[in-house]
Amino acid sequence: MCTGRIDPQFVLKAFQSGADGVLILGCHPGDCHYKEGNYKALRRFHLLKRVVKQFGVDEGRLRLDWVSASEGEKFVEVITDMVATVKKLGPLTTAKEELRVG
Amino acid sequence: MQIRVGVYICKCGTNISENIDIDELIQFSSRLENVAYVKDQPLLCSEDGKNFLASDVAQEKPERVVIVACTPKEHEKTFRNTLLRADFNPYLFQMVNVREQVAWVTADKAAATEKAKAYIRAAVKRVTLHEPLEKKEIECNTDVLVIGAGPAGMEAALLLAKAGRKVYLVEKNSFVGGRVARYEEVFPKMECASCMLEPKMDEILHDENIELITSSEVVEVLGYLGNFSVKIKKRATCVDKEKCIGCGACYEPCPVSVRNEFDYHLSDRKAIHVPYTGALPNVPVLDQGHCLRFAKTDSAMVQEALDLGLITQEESENYKKQDCTACQEACMFDAITYDRQDEILERNIGCIIVAIGFELFDPSVLPQFGYGKIPEVYTGLEFERILSQTGPTGGKLFMKNGQEPRSLAIIHCVGSRDKKHKEYCSGVCCLYALKFARLAEKHAPGAKIYDIYADWCVPGKDNQEFLDSLKEKKNVYFIHTNLPLSVAVKQNKDSLSVSCVDVSGKENPLAADMVVLCPAIIPARDTSRLSEMLLITSGRDGFFAEGHTKLAPVSTNIEGVFIAGCCQGPKDIQGSVAQGAAAAGQVLSALVPGRKLELDVIIAEADENSCAGCMTCIGLCPYKAIMFDKEKKIAVVNTVLCKGCGTCVAACPSGCLTGKHFTEEQIFAEIEEVLK
Ligand SMILES: Cc1cc2nc3c(=O)[nH]c(=O)nc-3n(C[C@H](O)[C@H](O)[C@H](O)COP(=O)(O)OP(=O)(O)OC[C@H]3O[C@@H](n4cnc5c(N)ncnc54)[C@H](O)[C@@H]3O)c2cc1C
Ligand code: SF4
Ligand code: SF4
Ligand code: FES
């Protein structure tokens with residue numbers, strides 16, 4: 001399975017179930033194990049970001065990044081950065097019902 | 001309904017237990033819904049651990065298994081195999097990574113234990129939703145189709161044939177050897193091209209495992225890895241290759257003479273002909289496009305054209321359908337029959353190698369070079385024919401007036417490395433330009449040779465040496481110009497003038513009797529047609545796209561279809577042959593006679609009943625695994641081609657696609673439980 005499998009509903013489901021942030025990590029463009037799933041993910045991500053914003057979820061709570069299996073440092077950097085951003089934003093208070101999916 | 005879940009926790013020596021409270025995990029897990037029992041082990045992946053797992057599962061007979069241990073990347077396969085030993089379907093199992101994702105990265109033991117609990121809760125919930133998946137195997141055909149018999153295709157065909165594979169080698173031309181059949185010598189060692197190529201061509205002709213299908217093109221391809229069926233259109237050539245001994249008695253009497261395309265129209269041939277002396281297979285082709293018997297125009301039309309002065313009396317003879325039998329009469333072996341029709345051959349194969357080579361960029365697009373207008377301006381391939389012993393001048397370096405040139409200008413990078421035309425470097429032109437300089441020097445001693453270049457691209461073992469050796473020649477002048485080429489060729493009264501501005505900004509007016517252009521190497525004419533037929537993609541430069549620039553240079557986006565040689569990008573003979581061999585290797589390991597093809601089980605499945613036929617998924621699949629059933633108006637996932645990436649599943653608006661083992665339900669359950 002690859003980032004291409006990420007249905008926007010998964011992300012909405014996560015916010016609705018109590019996640020304060022959602023981080024999607026995939027292979028670098030051109031390096032997707034399934035050829036081009038990450039390009040598809042990127043396209044969906046842009047749309048999804050707009051949808052999430054409509055529900056009043058701050059943009060910083062959703063992030064897509066490329067980290068390869070050999071990039072330990074980058075992985076740490078992205079996670080630390082994401083955690084800091086979400087901590088700053090605090091717990092997500094948007095009515096979870098509104099985000100109901102599935 | 002209760003589903004019996006067995007949970008096994010591995011301590012991984014102390015890797016896991018040091019930072020996670022195992023007792024607490026055991027207590028927590030045993031209280032979860034559906035969990036029948038929880039057991040811990042010091043090292044589950046050891047021989048002892050695996051034996052324990054196999055016998056315990058056989059004894060406890062759980063309906064689902066959760067293993068709390070390390071990354072599935074390391075041991076999911078190990079445990080799946082162990083579970084198989086206990087007759088347990090390996091897909092009714094879920095692994096929880098509490099080593100890399102918890103113990104090793106979460107410093108606080110209490111926090112780590114909490115995190116591990118959340119993961120276990122998610123896995124237990126998810127695993128109850130798992131379905132048993134069964135591995136499938138299919139029979140496959142291990143024969144191979146190779147398209148194009150240039151250096152790359154020939155190498156692939158020969159290696160496969162040597163390994164005992166049946167190979168169908170389809171070549172558009174009537175002869176094998178590709179572009180190289182036209183060359184006299186090859187860089188950098190100035191080997192005789194025909195001496196190098198002929199033994200290989202001979203092997204191709206005589207190998208029992210190779211069916212060489214010349215004058216043919218592939219017109220239809222259906223199927224997938226291991227099971228392709230193809231249709232090949234073979235042009236009628238009217239000469240029976242079993243009877244013909246290649247004596248050549250038939251050409252002489254043929255009354256029709258036309259320009260020979262093999263020599264790029266620099267010589268003439270008959271309607272029945274071999275393109276050059278030495279062509280293999282040595283069987284003439286009756287070209288129905290020019291043979292009088294097959295003339296399409298009727299006599300009334302010819303008379304009208306004659307009356308209108310559109311053609312001369314002499315030319316009109318060529319258009320008249322005549323019952324000529326000159327060649328048939330000349331043949332002492334009854335090899336010529338006129339009633340042949342084009343044929344469609346059908347073959348079944350398991351893999352395809354495409355090696356259709358390249359074309360040259362048309363230099364008349366750049367009027368400053370005068371190509372097509374000035375008679376003494378040639379392309380590299382035309383010049384190869386002039387230098388060839390089997391070419392229009394019999395290997396003498398002559399101009400069209402039959403005289404030897406006293407000066408020659410060779411111009412690099414025509415259309416290459418030019419943002420307006422082809423941005424890439426064509427890779428071989430510097431070296432063949434040097435080859436031309438060397439040959440010209442030999443054929444026309446004393447002639448001045450101007451090599452107008454932009455940059456040198458001569459990587460590799462012997463090539464720099466080759467360049468240096470020419471720099472020592474006193475008749476060879478190298479002129480370094482800027483890109484885009486500031487060069488113009490003009491026809492003067494008795495010679496050509498070539499003006500070029502060199503890098504120092506100096507104007508260099510040169511007089512040259514002959515000009516040779518090195519046009520960019522571009523994709524072969526049939527690239528886009530084959531790309532559509534085989535569903536393989538092309539890059540932005542038009543060449544077939546390789547699976548991965550570095551790691552999969554001869555693979556394509558379609559399993560079982562490989563590319564080799566210049567159709568993948570410009571390269572020399574060595575590179576083309578190496579790719580031919582690489583493609584043969586890929587085929588040999590993709591399909592092995594007697595071995596069935598094991599299919600992925602984690603794939604997508606479309607539900608016939610809910611598919612709306614919107615076709616959203618079809619264009620998204622990177623493996624072209626989804627077909628549209630036109631009758632039922634639904635999408636159908638091909639179980640052989642699908643690799644289970646899930647891209648289509650995520651996109652299907654009617655939710656009719658299921659990603660096995662990663663279903664919507666399973667993933668939702670996991671998300672929900674982990675965040676509880
Ligand atoms: C002027 C010039 C000089 C060169 N000199 C040298 C040299 O000295 N040394 C060197 O190493 N390299 C040289 N090269 C490069 C060399 O020509 C290539 O590396 C080599 O020809 C590539 O081999 P190939 O098999 O990929 O393609 P090709 O040689 O082009 O062969 C492709 C074959 O596929 C066939 N084909 C095309 N379309 C179809 C179709 N639809 N169906 C069936 N068959 C088809 C063609 O008829 C042809 O027989 C030179 C190139 C040029 C332009
Ligand atoms: S005359 Fe007959 S045997 Fe001789 S080359 Fe022509 S077809 Fe072949
Ligand atoms: S899961 Fe991926 S490979 Fe399989 S059909 Fe869907 S898009 Fe194609
Ligand atoms: S496998 Fe597709 S993004 Fe990693």
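The structure displayed is predicted, hence computed values, not measured ones. First the proteins, then the strands, lettered A, B, ... as listed; each starts at 1.
Other residues, nucleotides and ligands place more than 12 heavy atoms under 6.0 Å from the CZ atom of B/F28. Heavy-atom contacts from other residues, nucleotides or ligands closer than 6.0 Å to CD of B/E33 number 12 or fewer. Taking a 6.0 Å sphere around NZ of B/K115, one finds it holds more than 12 heavy atoms contributed by other residues, nucleotides or ligands. Within a 6.0 Å sphere centred on CD of B/E74, heavy atoms belonging to other residues, nucleotides or ligands number more than 12. Applying the 6.0 Å contact sphere to NZ of B/K77 captures no more than 12 heavy atoms from other residues, nucleotides or ligands. Around atom NZ of A/K74, more than 12 heavy atoms belonging to other residues, nucleotides or ligands sit under 6.0 Å away. Within a 6.0 Å radius of CD in A/E71, more than 12 heavy atoms belonging to other residues, nucleotides or ligands are found.
Nearest heavy-atom pair across B/T647 and A/R44 is O-NH2, 3.0 Å. For A/R43 against B/L620, the heavy-atom pair with the smallest separation is NH2-CD2, 3.9 Å. Scanning all heavy atoms of the two residues, the minimum distance from B/Y623 to A/K35 falls at CE2-CE, 3.0 Å. Considering all non-hydrogen atoms of both residues, A/G4 and B/A650 come closest at O-CB, 3.4 Å. For B/I671 against A/S17, the heavy-atom pair with the smallest separation is CG2-OG, 4.4 Å.
Counting only heavy atoms from C-beta outward, the side chains of B/H548 and A/D31 approach each other to under 4.5 Å. Considering only heavy atoms from C-beta on, A/Q9 comes within 4.5 Å of B/E664 through its side chain.
The candidate with the highest count of non-hydrogen atom pairs below 4.5 Å against chain A, out of B/I602, B/T549, B/I667, is B/I667.
For the pair A/K13 and B/F668, the distance from NZ or CZ to the six-membered ring centre is under 6.0 Å and the angle to the ring normal is within 45 degrees.
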